[in-house]
Amino acid sequence: MRELAWLIPVLPLVACALIFAFGPRLPGRGAYVAIAGIGLAALLSIGIFVEGLGGAKAHELNVRWVPYGQTALDLGLRVDNLTTVMLLVVTIVGSMIFVYSVGYMHDDPRFSRFFAYLSLFAASMLLLVLANNLLFLYAGWELVGLCSYLLIGFYFEKPSAARASMKAFVTTRVGDLFMFLGILLVFFTLGTFRFEEIFAKVHAGALEGMMVGGLPLLTVVAVLLFGGAIGKSAQVPLHTWLPDAMEGPTPVSALIHAATMVAAGVYMVARTYLLFFESPGHGALTVVAWIGAVTALMAATIAVVQDDIKRVLAYSTISQLGYMMLGLGMLGYAAGMFHLMTHAFFKALLFLGAGSVIHAMHTNDIKAMGGLARAMPSTYWTFLIGTLALAGVPPFAGFWSKDEILLEAFHHHRGLYAMALAAAFLTAFYMFRVIFYTFAGTTRSHHAHPHESPAVMTRPLWVLAVFSAGIGLVGAPFLGNPFHHYLHFEGLKAPAFSWGVALAGVGASGAGIAAAAAVYHWKVVPSGALRRAAGPLFTLVAHKYYFDELYAAAVVRPTLAVARALRTFDVYVIDLIVNLFGFAGLGLARLYRVFDLYVVDGAVNLLGWIAQTAGGVLRYVQTGRAQNYLLAIALGVIVLLAAGLFR
Amino acid sequence: MVNWPLEIVRAVLLTAAVFTFMAVVAAMFGVLLERKVGGWIQSRLGPKHVGPQGLLQTVADTIKLLQKEHIEPRAADRAIFNTAPLVVAVAGLMSWVVIPFGTLGDRVLVVRDLNIGVVFFAAMASLTVVGILAGGFASNNKYALLGGLRSASQMISYELPLAMALIAVAMEAGTLSTVGIVEAQAGWFGSFAFRQFPAFVIFLIAATAEVNRVPFDLPEAESELVAGYFSEYTGMRFALFQLGEYGEMFAMAAMATTLFLGGWKGPVLPGVVWFLLKMYLIVFLLMWVRWTYPRYRLDQLLNLSWKVLLPAGLVWILITGYRVTF
Amino acid sequence: MTLGLTHFLVLSTLLFCLGLFAMLTRRNAVAILMGVELMLNAANINLVAFNKYVAPGALNGQVFALVVITLAACEAGVGLALVMSAYRNLETVHVDEINVMKW
Amino acid sequence: MGQLAAFIILSVVTLVSAVVVVASQNIVRSALSLIPTLLGIAGVYILLQAEYVAGIQVLIYAGAITVLILFVIMLTEHGTGARFRQVNEQVLPGTIAVAVLAALLMAVFFGTAWPRAAGTLPQYTATSIGTTFLTSAILVFIVTSFVLLVALMGAIVIARRER
């Protein structure tokens with residue numbers, strides 16, 4: 001079945017092409033085609049995964065693409081355990097979101113196009129996941145970025161959406177530049193793009209001892225590649241695009257900005273983990289870990305003060321991605337990937353639930369909601385399950401994965417452990433803040449008449465809820481941690497389960513829930529007082545640590561200023577020169593025109609006149625009567641005969 | 001080297017002899033026979049009062065025709081009008097040049113045993129058309145003109161199957177000479193009527209059409225065209241047309257005899273008698289057909305020639321060629 | 001004076017020139033065709049005469065005369081068909097009146 | 001001597017009727033006097049020991065082509081065509097050119113010493129002609145057949161009344 005892996009990205013791609021070609025004339029205005037594409041891909045992925053459980057070997061499919069000197073660029077796919085896990089996540093979460101979108105986007109005039117974009121996105125993501133070399137991973141990476149741009153800007157008539165899509169595209173591009181440099185560095189030093197060959201050479205010490213600017217080459221390469229992950233996975237300092245990306249339709253937020261695309265950065269780090277691992281003194285991993293920890297904590301603090309339900313979730317996503325990075329950086333390869341998987345399910349669930357709420361309330365502001373638990377029971381219960389999973393309450397999925405990361409951090413670096421624990425507390429706090437604001441109490445909006453969403457939206461929610469609740473068990477230590485057996489990095493051994501760490505983690509979550517309940521449900525401490533007490537810290541957080549302002553001042557404005565200066569130069573100097581040449585050409589052309597008109601044309605006309613006049617005279621010879629010509633022939637014969645006779 | 005003066009004298013004498021035979025005996029007797037046969041077939045008596053059993057009826061008719069005034073239409077083209085019957089008569093009689101009548105000792109009784117005898121016969125048959133066309137035109141009468149055109153198209157069409165039949169026979173015999181063809185037929189079943197049966201049939205049909213006899217007599221269809229191309233002819237010129245036509249008919253019969261029935265050959269009786277017997281058999285056959293069958297329509301007539309007889313003749317030539325060669 | 005090649009050549013020359021004259025001067029297309037026939041016959045006389053007097057060993061001259069007769073038949077058929085067609089469409093057979101293609 | 005006499009008689013018949021063909025105002029007479037011309041030429045062929053050619057000449061030319069010509073004349077010229085001017089304005093230059101051409105050609109013919117190859121004509125020419133046609137002149141024979149076929153079809157297509 002692994003030989004058929006190439007079909008997985010092709011199916012959604014075909015669906016995309018069909019929808020682009022035939023659009024609304026397809027069944028379900030194209031939605032069914034898209035769902036069929038991703039659904040078949042999901043079935044294939046499940047088949048491949050089951051095969052992997054049976055212990056199937058990694059499979060590579062290589063098609064010679066471009067000969068390049070001694071080496072060749074191959075169109076290659078690789079199916080191994082890491083890939084199968086990602087395939088499962090992408091296709092299953094993806095198909096749920098596709099189904100959900102049928103209901104959510106139902107009244108949108110660009111319904112078919114939306115599904116085409118979704119299918120294209122799924123195809124690119126699957127290409128990214130299946131690529132067996134850096135080049136194709138990069139291609140999928142950029143395609144995913146393109147789809148992200150298209151989908152964030154799906155409501156392009158809204159200026160904020162257009163700006164957000166631009167911002168997302170440009171910001172991630174900064175990271176991609178570093179990644180591209182890293183890829184080039186790999187290729188120029190090792191001469192190949194293929195992961196297998198890269199790993200083999202690095203393992204054999206091909207880059208050992210090489211230095212770049214006083215740093216070990218391998219570390220530089222790994223950090224450069226990680227630069228791409230920072231952009232794509234919205235790590236500090238390139239995280240600012242993700243909250244803005246919430247301008248897109250909610251299923252897009254769920255699919256791209258929670259479950260799959262942002263996970264691409266994590267996946268990429270995991271895919272090239274050997275480079276990070278082999279960097280001298282785990283230097284690169286340390287960078288990853290610190291960035292991840294800072295991101296996790298900082299995003300969590302910002303999430304606490306957000307009132308827009310999707311933004312809360314967006315910052316939560318950033319925070320959780322930081323967690324994953326932290327896990328990877330703390331040598332928790334399996335832990336990071338495990339968290340990626342569980343997070344994909346419950347974050348998708350949360351986003352879809354949020355979408356359901358927005359669908360019902362027509363607003364994003366949690367302070368305008370309230371008391372929705374009665375009106376929308378399905379949404380409420382599934383959202384609650386997602387929240388519990390995210391908060392890390394056992395036995396829901398988030399607990400198991402988060403616990404592993406905390407365990408790794410605890411074993412490797414206490415400072416980072418503390419940050420992670422704080423982030424866990426904050427996570428539980430802000431998520432329950434949302435719950436209390438949204439579902440508990442009574443509605444604060446008087447002109448809204450909330451109602452439960454249609455079945456096509458709630459059923460995916462329930463499916464995802466089941467996953468969110470249960471998927472964590474595959475990593476449960478008392479079950480022997482089967483996930484760890486399935487997916488692990490050679491040479492790394494996970495630390496043993498520790499009741500202390502687990503209780504600390506649950507404790508942090510519980511404390512967060514309790515604090516949220518105290519502030520927003522029982523109102524023991526009014527939130528306004530809390531805000532005043534925090535003072536400047538609150539201001540700092542509320543302004544998202546001034547990142548956007550900093551970028552505006554440091555990057556955007558200088559760039560714009562330079563652009564304006566250049567424009568001025570262009571308009572007054574370069575254009576002047578060009579215009580001068582233009583005027584000179586024009587003058588010459590006028591001269592030539594006179595020459596043309598009176599000399600060249602005159603000669604041509606003279607010849608024409610001569611030909612015409614000659615023809616006019618000669619046409620009297622052309623009688624059109626064969627008998628005249630015959631007489632001429634006879635005379636000719638006479639002349640010839642006479643010439644022959646009287647020679 | 002041919003002795004030309006002697007040759008010319010011989011030719012004149014022989015022509016006179018043949019003409020006499022044809023005009024006096026064959027044509028006159030032929031007309032009488034025609035009327036008698038017609039009478040018998042139609043259960044009446046036919047001419048009976050002039051001479052014994054009406055035998056002199058044709059002589060009386062000829063004398064009547066000779067006495068008649070020669071009328072020349074004022075609008076007619078005189079030269080052509082007067083020449084046309086001659087062309088028909090001469091061409092019809094010239095056909096006889098190559099007919100072998102029988103044997104006298106070692107000599108074959110034939111005017112000239114041309115080595116292109118069959119071709120000559122066909123050529124003379126085709127010359128008749130010119131006379132008919134000229135006569136029809138020169139009369140300056142629309143019935144005559146239409147009759148002439150019809151006649152010419154019919155005769156041209158039927159010349160081709162006729163020539164096909166002749167070619168098939170010549171191929172089988174290996175010679176174009178009529179005497180040679182007769183020599184090539186030995187015995188009853190050696191006659192080409194058996195060995196060349198399709199050619200025989202084609203020849204008979206085409207010959208009937210060629211001499212404008214029923215059922216192919218549209219050119220002179222009285223009910224449509226008065227009398228066809230000789231509507232305006234009177235007296236002796238009319239007689240000349242009739243003479244040419246009867247001469248042509250008898251020549252066809254004689255040619256059929258020569259080509260298919262073994263000519264003068266036969267047991268006991270002298271060759272000339274056998275020849276005449278066979279010839280009159282064919283003549284009787286033609287008369288029988290004339291008094292029995294209705295007339296064809298013009299398109300049927302042309303279709304018969306071009307779509308049936310001509311392809312059949314070509315196919316038969318192919319078969320004959322195969323038989324002769326292998 | 002015995003009959004020689006020259007006699008026939010003179011006859012054919014005169015015939016040829018008469019045919020040419022017809023072609024040069026007649027207006028009626030059919031008459032022009034008749035002139036062509038005369039010229040072809042003149043050529044045939046030449047062919048047969050040369051065959052007898054110059055190369056009697058082979059019959060090529062007569063063979064070619066036959067070919068010419070055949071082609072003359074073709075020419076007459078096609079030519080007269082053209083005349084009929086022209087007459088039907090233009091209602092004239094005079095070659096100097098058939099000038100719809102002329103400037 | 002007899003041959004010469006025959007030749008002269010035939011030539012006179014041929015040329016006189018050819019002149020009528022060429023010069024007659026009555027187009028039907030032209031066509032009809034084509035027949036004596038052609039018959040005279042057939043006689044000339046017999047003088048030249050080409051009996052087969054002569055027979056074919058009478059059969060094809062006199063019997064078929066002339067009749068065809070007569071047909072077309074009768075269908076097109078409203079009879080004799082005497083109502084129309086039958087000659088164009090080239091009579092005088094044409095006469096002069098033809099006369100000069102005839103004179104020059106005869107000068108050429110008289111001034112040439114024709115060679116004479118060995119051999120005699122076969123007595124019975126039809127067989128020899130057939131043999132020649134099927135051996136050395138086979139290509140000519142086949143090509144001629146094709147030309148004949150094409151001309152037949154062409155004539156039908158051209159003369160057919162449209163629709």
Side-chain angles (χ1 to χ4, degrees), chain C residues 1-3 5-11 13-15 17-18 20-22 24-28 30-31 33-35 37-38 41 44-45 48-49 51-60 62-63 65-67 69-74 76-78 80-85 87-88 93-94 96, chain D residues 3-4 7 11 15 18-19 21-22 27 30-31 34 41 44-45 48-50 53 56-57 60-61 64-65 68-69 72-73 76-77 81 85-88 90-91 94 98 101-102 105-106 109-110 114-121 125 128-129 132-133 137 140 144 147-148 151 154-155 158-159:
Chain C
M1 189 169 151
T2 50
L3 195 55
L5 177 57
T6 320
H7 294 86
F8 294 98
L9 292 182
V10 168
L11 174 62
T13 307
L14 292 173
L15 212 50
C17 288
L18 283 171
L20 182 62
F21 182 72
L24 282 175
T25 58
R26 301 303 291 245
R27 289 173 73 220
N28 191 320
V30 183
L33 268 175
M34 291 195 278
E37 302 295 349
L38 286 185
N41 271 294
N44 268 356
I45 292 175
V48 177
N51 190 12
K52 183 180 176 191
Y53 287 103
V54 175
L59 278 171
N60 288 335
Q62 292 191 21
V63 164
L66 288 170
V67 171
I69 289 174
T70 314
L71 294 180
C74 297
V78 177
L80 291 171
L82 285 170
V83 171
M84 285 304 293
S85 180
Y87 182 72
R88 199 172 294 137
V93 289
H94 294 162
D96 49 359
Chain D
Q3 270 194 335
L4 190 62
F7 173 77
S11 298
L15 288 174
V19 168
V21 170
V22 169
I27 189 85
S30 278
L34 199 56
I41 292 166
V44 170
Y45 290 153
L48 287 165
Q49 297 174 22
V53 181
I56 296 298
Q57 166 93 1
I60 303 292
Y61 261 120
I65 296 179
L68 211 54
I69 288 173
V72 173
I73 288 171
T76 57
E77 273 283 60
R85 191 163 54 87
Q86 286 293 343
V87 290
N88 60 15
Q90 286 196 115
V91 176
V98 165
L101 187 63
L105 282 174
M106 282 198 232
F109 288 145
F110 280 117
W114 300 103
R116 194 196 150 85
T120 50
L121 281 175
T125 49
S128 316
I129 286 172
T132 313
F133 259 131
V140 178
T144 313
V147 171
L148 198 55
I158 293 168

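Residue numbers start from 1 in every chain, and the chains themselves are labelled A, B, ... in the order their sequence lines are given, proteins ahead of strands. Bear in mind the structure is a predicted one, so any value in this text is a computation, not a measurement.
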- Message: Between Gln49(D) and Val48(C), is the side-chain contact (heavy atoms from CB on, under 4.5 Å) condition met? List the steps.
- Response: CA-CA 9 Å; Gln49(D) 297 174 22; Val48(C) 177; over 6 Å; no
- Message: If you count heavy-atom pairs within less than 4.5 Å of chain D, which of Leu18(C), Asn60(C), Val30(C) leads?
- Response: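 Looking at each of Leu18(C), Asn60(C), Val30(C) in turn, Leu18(C) comes out on top.
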- Note on the structure: Scored by heavy-atom pairs under 4.5 Å with chain D, the best of Val10(C), Ile45(C), Thr6(C), Leu20(C) is Ile45(C)
- Value rounded to 0.5 Å, distance of CG in Leu48(D) from NZ in Lys52(C): 6.0 Å
Please flag which part of [X] lies under 4.5 Å from any non-hydrogen atom of chain D: side chain, backbone, both or neither.
X: Leu71(C); result: side chain
X: Thr70(C); result: both
X: Leu38(C); result: side chain
X: Ala49(C); result: both
X: Leu82(C); result: both
X: Val78(C); result: both

- Pick from Leu105(D), Ile41(D), Leu101(D): which one has the most heavy-atom pairs with chain C under 4.5 Å?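 Heavy-atom pairs under 4.5 Å are most numerous for Ile41(D).
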- Report the option among Phe110(D), Tyr61(D), Phe109(D) that has the most heavy-atom pairs separated by less than 4.5 Å from atoms of chain C. Tyr61(D)
- Task: Verify side-chain contact (heavy atoms from CB on, under 4.5 Å) between Arg26(C) and Ile27(D), making sure each step is shown before the conclusion.
- Result: CA-CA 10 Å; Arg26(C) 301 303 291 245; Ile27(D) 189 85; 3.8 Å; yes
- Message: Can you tell me how the ring of Phe8(C) sits relative to the ring of Phe7(D), calling it parallel under 30°, perpendicular over 60° and tilted otherwise?
- Response: perpendicular
- When you check the side-chain N and O atoms of Gln57(D) and Asn44(C), is any donor under 3.5 Å from an acceptor? no
Chain C contact via [X] - which portion, at a heavy-atom distance below 4.5 Å:
X: Leu34(D); answer: side chain
X: Val44(D); answer: both
X: Ile60(D); answer: side chain
X: Ala18(D); answer: both

- Check whether any side-chain N or O of Tyr87(C) sits under 3.5 Å from a backbone N or O of Thr76(D) as a donor-acceptor pair, and report yes or no. yes
- Can you check whether Leu24(C)'s main-chain N or O pairs, donor with acceptor, with Gln90(D)'s side chain at less than 3.5 Å? yes
- Message: When you compare the side chain of Pro56(C) with that of Asn51(C), does any pair of heavy atoms fall below 4.5 Å?
- Response: no
- Note, Val63(C) side chain near Val140(D) side chain (heavy atom, < 4.5 Å):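 No - every pair of side-chain heavy atoms lies 4.5 Å or more apart.
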